[in-house]
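Accompanying notes for the structure given below.
In what follows, every chain begins at residue 1, and chains take the letters A, B, ... in the order their sequences are listed.
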Amino acid sequence: MSSILDDDDFGGLSLSQRAMMAARGPVGTPWLDGLNDAQRRAVEALDGPVLMLAGAGTGKTKALTARIAHLIHSGRARPNEVLAVTFTNKAAREMKDRIGRLMGQTLEGMPWLGTFHSVCVKLLRRHAELVGLRSNFTILDTDDQIRLLKQLILAANMDEKRWPARQLAGLIDSWKNRAWTPEHVRGADTAHFDNRGSELYAAYQDRLRTLNAVDFGDLLLHMVTIFQRHPDVLQQYQRWFRYILVDEYQDTNTAQYLWLRLLAQGHRNICCVGDDDQSIYGWRGAEVGNILRFEKDFPGAVVVRLEQNYRSTEHILAAASGLIAANRDRLGKTLWTADKGGEKVRLIGHWDGDEEARWIGEEIEKLYNGSHPLAKNRRNTRSKTHEQEFERRVKNQLPPMLPEIPPDTLLSDRRIFGDIHTRGLLLKQYGLEDRSSNVEALFQSFMLGEITILVRASHQMRAFEDRFLTIGLPYRVIGGPRFYERQEIRDAMAYFRLAVSPDDDLAFERVVNLPKRGLGDKAQAVIQTCARQAEAGLVMGAKAALQQGAIGGKAAGALRAFLDGIGRWHAAVLENADHVRLAETILEESGYTDMWLADKTPEAPGRLENLKELVKALESFENLQGFLEHVALIMDNDKDQSEDKVSIMTLHAAKGLEFPAVFLPGWEDGLFPSQRALDEGGLRALEEERRLAYVGITRAEEICTISFAGNRRVYGQWQSQLPSRFIDELPATRVEVLTPPGLYGGGFGAATQTGFGSLEARATKADVYNSPGWKRMESRASTPPRPKARTVTTVDSLAFGVGDRVFHVKFGYGEVIDLEGDTALIEFDKAGSKHVKAGFLKPAVGLDDVPF
DNA sequence: CACTACCAAAGCGGG
DNA sequence: TTTGGTAGTG
């Protein structure tokens with residue numbers, strides 16, 4: 001073995017691995033147990049190219065992990081000779097866990113099981129010099145990238161308003177996804193960005209090289225470049241990685257495809273798993289063509305179709321299959337399930353988005369209560385989680401069930417019902433049955449964590465958040481801005497980066513004047529000039545500027561203090577000082593903590609909390625360097641998992657997940673499929689939207705509810721729209737149309753079932769139109785909805801008095817405790833007490849915001 | 001240099 | 001509607 005492959009991840013067997021290999025033999029092979037025929041074929045076809053077409057819920061991860069276990073156990077490869085790539089850290093983690101469980105504790109991690117990016121980082125660090133980098137390069141995230149590009153745009157004398165850095169970033173990203181270096185783009189692509197796209201791209205890559213930095217796209221691009229230009233290096237890895245496995249192959253872009261193809265060229269032991277029907281990342285550079293072309297790329301490939309679905313009931317699966325059948329470009333699969341019957345997909349129309357949110361809220365309450373007719377039919381009862389939840393409730397002496405909430409309950413009381421502690425009072429007042437001891441009902445009911453709402457676009461989430469805050473329904477938004485993307489965290493990280501490497505110019509720029517030190521644009525320009533003159537980094541430039549007296553007065557003092565700080569922190573890093581303490585010191589000494597302490601905005605306390613959490617997160621790392629290295633690639637924020645909450649997320653974020661009950665709101669033309677897909681993308685884009693719809697429906701195990709609204713407020717403007725064309729494409733026999741909800745107050749539970757679905761195979765939408773409730777709504781459609789009072793009224797502080805109920809967009813409802821000028825102290829029902837500007841408050845409203 | 005006022009734009013988002 | 005960025009002012 002050459003020196004290229006000379007370290008732990010390529011080394012010989014560890015003791016435990018040897019032990020494991022030795023144990024091979026007639027002992028059991030648990031990973032082969034419980035596989036169906038197709039899965040077994042996919043697991044046992046070890047050599048040569050294999051394409052595993054795995055439909056939704058067909059046990060793809062099971063097959064994939066069994067295959068790895070089988071590979072290792074059969075002695076074909078050692079754990080560190082298997083390359084297995086995924087797209088997300090979550091998927092990688094899950095695979096690691098499952099393999100560990102399959103093979104027992106003896107398996108010492110597989111170093112080459114990870115995301116495309118994390119594997120590439122490891123490889124690139126070894127060969128950085130081949131693309132003009134040092135092996136300790138930093139990985140820029142999107143934020144850094146944009147700021148860098150902005151500088152380049154300005155330097156090129158372009159109007160940054162007409163040519164926004166974001167757009168350039170997208171352009172460069174798309175080139176990198178196709179594995180195009182600046183040389184490829186030059187000449188080939190001049191039409192973009194005022195004809196200067198390729199020029200700026202080249203400048204950007206140069207700049208990155210000087211900064212010894214890469215962006216995410218570079219990780220793959222550089223590796224492809226290295227493999228193409230250095231056959232000797234490529235050969236080493238072709239030999240080393242004896243088996244290659246790829247998850248979610250339909251999501252690979254061209255760069256990833258090339259990278260894989262180069263590595264697999266020798267032995268062709270590559271196994272790709274994917275589902276062309278779930279390709280939903282075309283806008284991010286994914287090429288469905290990669291999976292459609294697999295058999296051409298790898299002649300003689302074994303193709304295995306996993307078609308037995310273990311997730312959804314028959315009706316749900318059939319509805320999804322019927323929908324996706326409208327796509328032309330697909331390999332085609334026939335999913336089936338042994339789980340016959342179950343509930344049909346439910347379809348309901350609403351007057352507007354708020355009513356949709358209200359209806360779904362009520363549905364969820366009923367599912368949770370066990371009072372929903374469908375909850376009572378539950379088939380998947382007595383899952384382990386239910387038993388655990390039951391035990392938890394008993395142990396904490398919490399009533400296991402929420403009471404059934406009468407439909408005419410006042411809005412203000414609903415909130416209290418939602419609060420498990422104060423609910424008892426209302427039980428009496430409303431004369432409700434105490435279902436505390438009703439174990440059967442508990443098992444029939446749904447836990448909140450079993451329920452999800454999947455939206456097309458993130459702005460749809462707000463209606464649900466507003467509503468759930470109001471009725472006190474615990475929810476969790478998945479995939480919002482992540483922890484490490486928050487401003488305060490990124491600021492703090494910039495300080496840490498400076499401490500580790502003072503020549504990190506991007507970090508320097510981010511925090512020179514944060515908190516405000518009087519080092520504004522002018523001072524920074526001087527520093528830049530000095531740095532350029534000295535051909536050195538900004539820290540050196542700043543020192544030079546001070547020496548030359550180019551910066552004087554107050555600014556000089558502040559700059560000197562800042563530089564001293566960096567020097568001190570860097571020295572501490574070099575001395576291996578306790579990094580947690582150091583981090584705290586940095587945040588203190590730099591004045592960053594004080595900045596937020598002095599900040600009066602309602603977000604400030606939360607930001608301080610986050611900073612504390614950041615420092616706490618440091619504890620699990622050896623030092624600051626290790627932490628920074630880790631964070632660039634893994635930015636998970638998976639805390640808060642323990643509480644039982646409804647989850648709200650986008651359809652994209654839901655891929656790979658499953659839930660017993662799924663709500664799919666907003667199925668309207670223009671929203672889903674999105675207007676952009678309808679306008680620009682042609683058939684291709686429409687088919688991708690349809691796949692998204694397919695992904696949505698196939699997330700559901702037992703209950704799937706699709707809904708649409710006739711009117712919706714988009715960016716403050718009311719818009720009317722038609723139900724989604726995808727609704728027409730659902731096979732009518734698999735759909736149950738609910739009449740629109742009753743109008744005032746109650747009646748939500750009274751939604752009757754219209755008999756339909758025998759003659760016309762695709763008449764679903766028309767049926768909704770013809771249902772009596774929709775007629776009523778339609779007659780109202782000529783009058784555009786009036787904006788509700790609470791959304792247009794702005795009120796100054798004088799309009800409130802102590803004790804008033806108020807509403808805040810972020811924090812929900814609360815009570816005024818104190819007033820001081822334009823600032824009010826509010827005790828929020830859900831968010832605790834906070835000082836907020838009165839301008840953010842609106843008077844609380846009760847039921848009078850119901851339309852009609 | 002910092003603060004305020006006004007204006008434009010707003011897709012899904014992993015690493 | 002909200003958010004972020006820029007231009008103009010104190």
Output a table of nitrogen or oxygen pairs between the protein and nucleotides 6-10 of chain C separated by less than 3.5 Å.
| from | atom 1 | to | atom 2 | distance (Å) |
| --- | --- | --- | --- | --- |
| C:dT6 | OP1 | A:Glu160 | OE2 | 3.3 |

Are A:Thr650 and A:Ser458 close enough that a side-chain donor and a side-chain acceptor fall under 3.5 Å?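 Note: A:Thr650 and A:Ser458 side chains miss the donor-acceptor criterion.
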
Step through it carefully: locate the ring centre of A:Phe562, locate the ring centre of A:Phe508, and say whether they are under 6.0 Å apart.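 Judged by ring-centre distance (under 6.0 Å), A:Phe562 and A:Phe508 do meet the cut-off.
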
Taking 4.0 angstrom as the limit, do A:Glu688 and A:Arg691 come out as a salt bridge?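 Result for this pair is yes, salt bridge flagged.
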
In whole Å, what is the span from the [atom1] atom of [X] to the [atom2] atom of [N]?
X: A:Asp352; N: C:dT1; atom1: CG; atom2: P; answer: 16 Å
X: A:Asp143; N: C:dG4; atom1: CG; atom2: P; answer: 11 Å
X: A:Arg166; N: B:dA8; atom1: CZ; atom2: C1'; answer: 15 Å
X: A:Arg147; N: C:dG5; atom1: CZ; atom2: P; answer: 11 Å
X: A:Trp259; N: B:dG15; atom1: CH2; atom2: P; answer: 15 Å
X: A:Gln167; N: C:dG5; atom1: CD; atom2: P; answer: 16 Å
X: A:Arg712; N: B:dA10; atom1: CZ; atom2: P; answer: 20 Å

A:His652 side chain reached by A:Trp283 side chain, heavy atoms, under 4.5 Å: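 Yes, close enough: below the 4.5 Å cut-off.
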
For A:Ala550 and A:Val526, which heavy atoms make the closest approach, and how far apart are they?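 Here A:Ala550 and A:Val526 meet closest at CB-CG1, 3.7 Å.
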
Can you name the closest pair of heavy atoms from A:Ser279 and A:Val288 and give their distance?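 Answer, listing the atom of A:Ser279 first, then A:Val288: OG-CG2, 3.6 Å.
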
Give every pair of a protein N or O atom and an N or O atom of nucleotides 1-5 of chain B that lie under 3.5 Å apart, one pair per line with the distance.
| from | atom 1 | to | atom 2 | distance (Å) |
| --- | --- | --- | --- | --- |
| B:dC1 | OP1 | A:Gly518 | O | 3.3 |
| B:dC1 | OP1 | A:Gly520 | N | 2.8 |
| B:dC1 | OP2 | A:Lys522 | N | 3.2 |

For A:Trp596, enumerate each residue passing the side chain to side chain contact (heavy atoms under 4.5 Å, CB included) test, keeping only those at least two apart in sequence or located in another chain.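 Partners of A:Trp596 by the side chain to side chain contact (heavy atoms under 4.5 Å, CB included) criterion, ordered by chain and then number, come out as A:Gln487, A:Glu488, A:Tyr592, A:Asp599, A:Ala604, A:Arg607, A:Leu608, A:Leu611.
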
Taking side chain to side chain contact (heavy atoms under 4.5 Å, CB included) as the definition, give me every residue that meets it alongside A:Arg166, ordered by chain and number, with sequence neighbours left out.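 A:Arg166 satisfies side chain to side chain contact (heavy atoms under 4.5 Å, CB included) with A:Ile146 once adjacent residues are dropped.
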
Residues which pass side chain to side chain donor-acceptor pair (under 3.5 Å) with A:Asp218, listed by chain and number, not counting sequence neighbours: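 Partners of A:Asp218 by the side chain to side chain donor-acceptor pair (under 3.5 Å) criterion, ordered by chain and then number, come out as A:Lys176, A:Gln205.
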
Would you say the base of B:dG15 and the side-chain of A:Thr115 have a donor-acceptor pair closer than 3.5 Å?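 No such pair is found, so the answer is no.
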
Filtered N/O pairs between nucleotides 12-14 of chain B and protein, under 3.5 Å:
| from | atom 1 | to | atom 2 | distance (Å) |
| --- | --- | --- | --- | --- |
| B:dC12 | OP1 | A:Ser458 | N | 3.0 |
| B:dC12 | OP1 | A:Ser458 | OG | 3.1 |
| B:dC12 | O4' | A:Arg456 | NH1 | 3.3 |
| B:dC12 | O3' | A:Thr650 | OG1 | 3.4 |
| B:dC12 | O2 | A:Arg456 | NH1 | 3.2 |
| B:dC12 | O2 | A:Arg456 | NH2 | 3.0 |
| B:dG13 | OP1 | A:Thr650 | OG1 | 2.7 |
| B:dG14 | OP2 | A:Arg482 | NH2 | 3.1 |

